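Everything below concerns the one structure shown next.
The structure presented is a predicted model; accordingly, all values stated were derived computationally and were not measured.
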Amino acid sequence: METVTIKNLKDFEGQEVKINGWVYNRRSIGKVWFLILRDGTGLLQCVVVDGECDLESFQLEQNLNQEDSVSVTGVVKKEPRAVGGFELGVKNIDVINHTSNEYPISNKEHGTDFLMSNRHLWIRSKRQNSILRIRHQIIKSIRDFFDNNDFILVDSPIFTGNAVEGTTTLFELKYFEKKAYLTQSGQLYQEAGAMAFGKSYCFGPVFRAEKSKTRRHLTEFWMVEPEMSYCDLNQNMDWMESLVTYIIDEVLKHCQSELIVLERNIDKLEAVKSPFPRITYDEAVDILKQNNIEFTYGKDFGASDETAISNQYESPVMIHSWPVDTKAFYMKRDEINNNLALGVDMIAPEGYGEIVGGGQREDNIDILIETIRHHDLPLKPFEWYLDLRKYGSVPHSGFGLGLERFVAWVCGTKHIRETIPFPRTMARLEP
């Protein structure tokens, strides 16, 4: 007899199998009762009939609690009305762990703080499980995309001696006898990777000490950051668009059941098609004016501004050619208009805000030194970075895709804290 998973039951129709899992629910009808089993790959209806299983197993009905761990043996039967199209005719139930304590999370309403404090248990629920499954598929799709396009994975360090996105959002710590910081981005190191391999990427956690409590912010989140040599702004936007459309296609292909659980409007995801609209910062400002939204030119767009702009389109919109002062020191300036930086933000539809940010990097060492000083940053920690402009400097570009914001958009969830297994916010360091 083979031990199988619920996900693969279709391959064992008519066979006797064993499934290891946990009690999700149970209900009874006379001399028949139903055990809803979960095993991490799906849910399964197990039919327990008096006379068709051993007496001890049949009498377990009133003794089993939610999340008791069990091994169930039975025959796989096709049942179109059941979740997944199959059910199990039970012969034996072996209880691995039974607890008399009531499981903390039930079908009743729970407050957000309670659920977050019990996040280690909450991720077993159907909705949270579906979100994290989609997160897994998105991560797999990202890695597949870059691996299939000849990018080399170059891991960026988490400890750094310098700021990337500004000094006000750094987590500072003592590093032996020096100061160090938790990285805000792996991008600078990917520029070294691109000069070595042509195309590289990193994928890992980054940290922002931003004192924000909005539904879009975490202090620890994950970013994938590719960097490409001999690549200008327009080619960079091509890569951004190709990655996003690939991920969406893969999610639609592999996560239909999870999207249904989340009651996600799949039509909205199916509408995400190339080519994405590309507009300048000035054109984005004009959209705000046309919608009678007050905005100060030269500022970054706020959440409500991004929503107003994205509402004009079904696919993500890419906003490029920004005022220099809105972008980081490493962004290259437009050769025609020195007041513009060759940066680009991709804004998701449906009010989910920026999901990708990037641009062309400054490849001239003299200009880069000038901009580092302009931003009041010390030169010494950037000496290695300046070396990249001394030895074989070329036009190059890259971007960063924020995983959690992307997952939030795909899943249609309103708060980013649901998109990462164990979120870190200003007020939460555990579980």
Side-chain angles (χ1 to χ4, degrees), residues 112 126-128 130-139 141-142 212-218 221-224 237 240-279 281 283-293 295 300-320 344-358 399-420 423:
T112 300
K126 193 185 295 186
R127 174 182 168 82
Q128 299 306 311
S130 294
I131 292 172
L132 294 183
R133 283 185 176 281
I134 290 173
R135 177 190 171 101
H136 166 81
Q137 179 58 56
I138 290 172
I139 290 171
S141 301
I142 289 169
S212 176
K213 297 180 180 179
T214 77
R215 64 183 179 89
R216 293 183 178 183
H217 287 89
L218 294 167
F221 57 99
W222 282 64
M223 280 227 292
V224 58
M237 288 192 281
M240 291 166 63
E241 182 176 304
S242 296
L243 172 62
V244 171
T245 53
Y246 179 82
I247 297 170
I248 296 297
D249 287 346
E250 290 296 292
V251 169
L252 289 171
K253 186 186 301 181
H254 298 290
C255 298
Q256 285 289 325
S257 60
E258 287 83 3
L259 292 168
I260 290 170
V261 167
L262 297 173
E263 299 180 334
R264 181 63 163 112
N265 185 343
I266 295 175
D267 291 344
K268 294 286 189 181
L269 297 178
E270 290 176 338
V272 177
K273 301 292 183 185
S274 295
F276 292 176
R278 300 180 183 186
I279 62 175
Y281 175 90
E283 289 170 331
V285 172
D286 286 341
I287 289 173
L288 296 179
K289 288 180 179 178
Q290 291 163 14
N291 285 273
N292 299 314
I293 297 171
F295 181 77
D300 201 353
F301 297 120
S304 60
D305 302 322
E306 291 176 339
T307 299
I309 295 165
S310 68
N311 283 344
Q312 312 299 312
Y313 310 98
E314 290 189 320
S315 288
V317 54
M318 290 188 273
I319 305 172
H320 63 88
V344 55
D345 287 356
M346 182 186 288
I347 311 300
E350 305 175 78
Y352 281 90
E354 180 192 341
I355 50 173
V356 187
F399 59 87
L401 181 149
L403 178 62
E404 285 72 25
R405 284 194 185 182
F406 198 95
V407 174
W409 166 47
V410 172
C411 293
T413 185
K414 295 300 181 185
H415 204 295
I416 202 168
R417 65 187 164 216
E418 292 186 89
T419 65
I420 189 169

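Sorted by first and then second residue, the pairs that involve residues 400-420 and meet salt bridge (Lys or Arg N to Asp or Glu O under 4.0 Å), not counting sequence neighbours, are R127-E418, R135-E404. Screening residues 263-278 for side chain to side chain donor-acceptor pair (under 3.5 Å) gives D238-R278, E241-S274, R264-E350 as the qualifying pairs, with residues at least two apart or on separate chains.
Not counting sequence neighbours, S257 has no partner by the side-chain hydrogen bond (donor to acceptor under 3.5 Å, both in side chains) test. For E314, there are no side-chain hydrogen bond (donor to acceptor under 3.5 Å, both in side chains) partners, not counting sequence neighbours. For E258, the salt bridge (charged side-chain N to carboxylate O under 4.0 Å, His left out) criterion is met by no residue, not counting sequence neighbours.
When all heavy atoms are compared, the tightest approach of V356 to M240 is CG1-CE, 3.5 Å. The shortest non-hydrogen separation linking S310 to I347 is CB-CG2, 3.9 Å. When all heavy atoms of T214 and S212 are compared, the pair lying nearest together is CG2-OG, 3.2 Å. S315 approaches A271 most closely through the heavy-atom pair OG-O, 3.3 Å. Of all non-hydrogen atoms in F301 and A284, the two that sit nearest each other are CZ-CB, 3.6 Å. Considering every non-hydrogen atom in both G351 and R215, the closest pair reads O-NH2, 3.6 Å.
Under the 4.5 Å side-chain criterion, counting only non-hydrogen atoms from C-beta, V224 is not in contact with L403. With a 4.5 Å cut-off on side-chain heavy atoms, S141 and Y246 count as touching. Looking at I248 and W409, their side chains come closer than 4.5 Å, going by heavy atoms from C-beta outward. Between F276 and T245 the shortest side-chain heavy-atom distance falls below 4.5 Å. The shortest distance between side-chain heavy atoms of L401 and M346 does not fall below 4.5 Å. A heavy-atom distance below 4.5 Å is not found between the side chains of I142 and W222.
Rounded to the nearest 0.5 angstrom, I266 CD1 and L259 CG are separated by 5.0 Å. The structure places CD1 of I139 at 12.5 Å from CD1 of I134, a figure rounded to the nearest 0.5 Å. Note that the CD1 atom of I293 and the CD1 atom of I309 stand 8.0 Å from one another [nearest 0.5 Å]. With rounding to the nearest 0.5 angstrom, the CD1 atom of I260 is 11.5 Å from the SG atom of C255.
Listed for the Y352 side chain is a donor-acceptor partner under 3.5 Å among the backbone atoms of G412.
Summarising the local packing, NE2 of H415 is surrounded by more than 12 heavy atoms from other residues, nucleotides or ligands at distances under 6.0 Å.
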Result block: side-chain N/O donor-acceptor pairs under 3.5 angstrom for residues 285-292, not counting sequence neighbours:
residue: N291; atom: ND2; partner: I287; partner atom: O; Å: 2.8

